[in-house]
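First the structure, in the form of structure tokens, and then the observations on it.
Because the structure is a prediction, the values reported are computed rather than measured.
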Number of protein chains: 2
Amino acid sequence: MRLRDTPPNTTIRDVAKHAKVSIATVSRVLNESSGVREGTREKVWATIEELNFTPNPIARQLSIGRTLTIGIIQPYITLPSYIERLRGVQHSLASSEYDLVIFNVDNPGQKDAYFKDLSRKMRVDGMLIVSLPPTNEQADNFADTRIPTVLIDSENPKLCRIVADDYEGGRIATRHLVELGHRKIAFLSDFLDTPFHPAMRLRYLGFQEVLAQHQIPLNPAYVIEGSRGRINARTMAKKLLTLDDPPTAIFASSDTQALGVLDVAQEMNVKVPERLSVLGYDNIPDAVYNNLSTIDQNLYDSGVKGAQMLLDLLGGLIEPPCKQQVSLNLLRRKTTGPAPIF
Amino acid sequence: MRLRDTPPNTTIRDVAKHAKVSIATVSRVLNESSGVREGTREKVWATIEELNFTPNPIARQLSIGRTLTIGIIQPYITLPSYIERLRGVQHSLASSEYDLVIFNVDNPGQKDAYFKDLSRKMRVDGMLIVSLPPTNEQADNFADTRIPTVLIDSENPKLCRIVADDYEGGRIATRHLVELGHRKIAFLSDFLDTPFHPAMRLRYLGFQEVLAQHQIPLNPAYVIEGSRGRINARTMAKKLLTLDDPPTAIFASSDTQALGVLDVAQEMNVKVPERLSVLGYDNIPDAVYNNLSTIDQNLYDSGVKGAQMLLDLLGGLIEPPCKQQVSLNLLRRKTTGPAPIF
DNA sequence: CTGAAAGCGCTAACAA
DNA sequence: TTGTTAGCGCTTTCAG
């Protein structure tokens, strides 16, 4: 029956035998249920220690019908913005009875695989899904399945979710730049259409809208998209800054990319913000250090809120669908300033 | 018995009833064991599909006595070098029957907590422990416990482990710099003594040894330690480069830090490698991009090897203690050059 | 306050 | 080839 030939672990039965009580009693003291005489409790604890016994969580899970863990599916665990959110989640979960397990998704295929047999295979009681919008079909599945799910940073009317208004974020950012007098504003971002980040496209739309409102024509050469990361951002920034008529402001759709822009500006000796304004998005810790102006999307807070919502769902306090917004703030620091005068 | 008031999931028993076979037969087709007539198999599959049945992994785990997952305990999941290693691990595990769950440790307390009730609470069949040297007592515990463990990037004679020779790494690096004619060589690193990284101290010892061999006096002002990360490295580098008698070469104990040094050099207009040689450690992807000379410690490979060793352990192919080394290579790129002549 | 016993959903002897 | 059945280690009802 068991494949391993190792000696069996000590079980609750061993403890019971040693302590000369029933296994029910041992279980009671283990779970700190009331109704065990003080003397008995002590005796049992003593043998537990003596035998160095740890209850088998798998058996417990099978018995109570819950796994006491919640899973988080997240792309790019390596990016600072995701880490920030993860911290928030961990904060909310720390005081709960749930453990957190992380599933990293590196490619769309992996995402689908995870989504498919979510609950059972994952052995989790609840799921947090970050920045990974489900298709309609997948959303239906989530809604049907018995396992509570909350989306963070993606939108679906049938599910519970924490969202930020990326469209508005794009507007706030662009408005800031326009109000500083900029007219040559570039938009530098991840690929606008990926299965992962509809957010980018929304920010772009907000960007467009504000430009239009101010009758500023959109120069196609000022819109540049590419792979994530600081290094790729450098390449893109270089293209922008070596244009015959370079922009006076760059709105980068993540801080990481904005930092890449800053690298290039320094390298090319373009003074920031005198000759070039750079505006990021996220407010990651590095942004503070570099005095980067940015849109704070309260990443940590979104993690806290998402985990709390899941906990509420698990506790039956709320029912899907439900929705919460995280706020967006412009943080004006030292990398944005008035447009240069010609 | 079950706390949830949700309708019970469909079980193997339901399938058996529907298909008019015994649960044993269902189990057999589920596990693709031989000895089921083709017709029966098909019938069972059909009802499985029809009922949309997924076996409960918890029950399976309890029954077979294994969890089919392996855990990895790792500090700093956010640093590129750790990601690199993780990729290697995932590569090895992809073709195995095991899932990987990641436990991140942010502080020593967490580490101890994880180490304490490792196996049971974690519900894993095997553990990979990265860069987290156990105390002797903890090591004894690991050795006693029935759960196979391999250390990656830390050393303990009682356990299975993948190690790199950091002492030698320090020597290789320093030798390179000395051979280029440098005499004023600085050593910039993480805190030399942390519970996480004895490696740093070893590299430092290697550094000292080579200097001594060449009768180069060690200037205390050239040794600087601080918190991890590119940003902190900048602060340290600035201190070094504003010394009255600044070094002509800096050996940074990680690429991330070396990049911080490069930032400062550029900012201060110190030409690299003409006026300053910078040597890193790790060979992370960014190092390639920045043409950073570095010590390649084959991070990815260490992940591959570690996971493979654990698999072998799990399969009973090897027994602890065991040990494997990953190789170290000097990668001379563009940030190290001959010492400037005065 | 304590114990006996019936599950939780699955696997694997063993027997047929 | 298939079915019966005894676990895996725990929780929890129900009786005492």
Side-chain angles (χ1 to χ4, degrees), chain A residues 1-44 47-48 51 53-68 97 119-121 123 125 146, chain B residues 1-44 47-48 51 53-68 97 119-121 123 125 146:
Chain A
M1 188 161 302
R2 4 181 64 235
L3 294 186
R4 300 188 298 171
D5 51 355
T6 52
N9 268 311
T10 107
T11 79
I12 197 174
R13 224 173 303 271
D14 302 323
V15 177
K17 200 176 302 170
H18 262 76
K20 298 188 199 314
V21 296
S22 73
I23 62 170
T25 299
V26 177
S27 176
R28 286 189 188 101
V29 348
L30 241 23
N31 293 288
E32 303 180 331
S33 9
S34 57
V36 179
R37 202 197 309 132
E38 188 52 29
T40 316
R41 176 184 310 286
E42 279 167 10
K43 185 175 53 180
V44 171
T47 41
I48 286 176
L51 268 45
F53 165 74
T54 340
N56 178 333
I58 300 289
R60 168 156 218 271
Q61 289 167 28
L62 180 58
S63 189
I64 67 177
R66 306 191 303 156
T67 61
L68 297 183
E97 57 180 337
S119 50
R120 304 299 294 272
K121 172 121 183 9
R123 348 169 169 78
D125 290 337
R146 212 160 353 304
Chain B
M1 188 161 300
R2 8 181 60 231
L3 296 186
R4 302 188 298 171
D5 52 355
T6 52
N9 269 310
T10 108
T11 77
I12 197 174
R13 224 172 302 269
D14 302 324
V15 177
K17 200 175 301 169
H18 262 76
K20 300 188 195 317
V21 296
S22 74
I23 60 171
T25 300
V26 178
S27 177
R28 285 189 190 101
V29 349
L30 242 21
N31 293 288
E32 304 180 329
S33 3
S34 57
V36 180
R37 203 194 312 130
E38 189 52 27
T40 316
R41 176 186 310 284
E42 278 166 12
K43 184 174 54 177
V44 171
T47 42
I48 286 177
L51 269 44
F53 164 76
T54 341
N56 178 333
I58 301 289
R60 167 156 220 271
Q61 288 168 29
L62 181 58
S63 188
I64 66 176
R66 308 190 303 155
T67 62
L68 297 183
E97 57 180 338
S119 51
R120 305 301 292 271
K121 174 120 182 12
R123 347 170 171 77
D125 290 338
R146 208 150 6 297

Taking 4.0 Å as the cut-off, does a side-chain nitrogen or oxygen of R60(B) come that near to OP1 or OP2 on dT11(C)? yes
Among the candidates dA13(C), dT13(D), dG9(C), find the nucleotide nearest to the side-chain atoms of L62(A). dG9(C)
Looking only at heavy atoms, the pair that brings L62(A) and A59(B) closest together is CD1-CB, 3.8 Å
Picking from dC14(C), dC14(D), dT11(C), the nucleotide nearest the side-chain atoms of N31(B) would be dT11(C)
For dG9(C), does either OP1 or OP2 sit under 4.0 Å from a side-chain N or O belonging to R13(B)? no
Want to settle it: does I23(A) or T25(B) sit nearer the 5' end of DNA chain D, counting the closest nucleotide to each? T25(B)
Taking NZ in K43(A) as the centre, count heavy atoms belonging to other residues, nucleotides or ligands within less than 6.0 Å. Is the count above 12? yes
To the nearest 10 degrees, how far apart in direction are the end axes of the helix from dC1(C)-dG16(D) to dA16(C)-dT1(D), each fit to five base pairs? 40°
Is a donor-acceptor pair below 3.5 Å formed from side chain S63(B) to base dG7(D), judging by atom type as modelled? yes
Residues A19(B) and T47(B): closest non-hydrogen pair is CB-OG1, 3.5 Å
When you measure from the side chain of N56(B), which nucleotide among dG9(C), dG3(C), dC1(C) comes out closest? dG9(C)
When you measure from the side-chain N and O atoms of S27(A) to the phosphate of dT11(D), is any distance below 4.0 Å, counting only OP1 and OP2? yes
Taking the side chain of V36(B) as heavy atoms from C-beta outward, which of dG9(D), dC14(D), dT2(D) is closest to it? dT2(D)
T40(A), nearest nucleotide to its side chain (from dT2(C), dT2(D), dG3(C)): dT2(C)
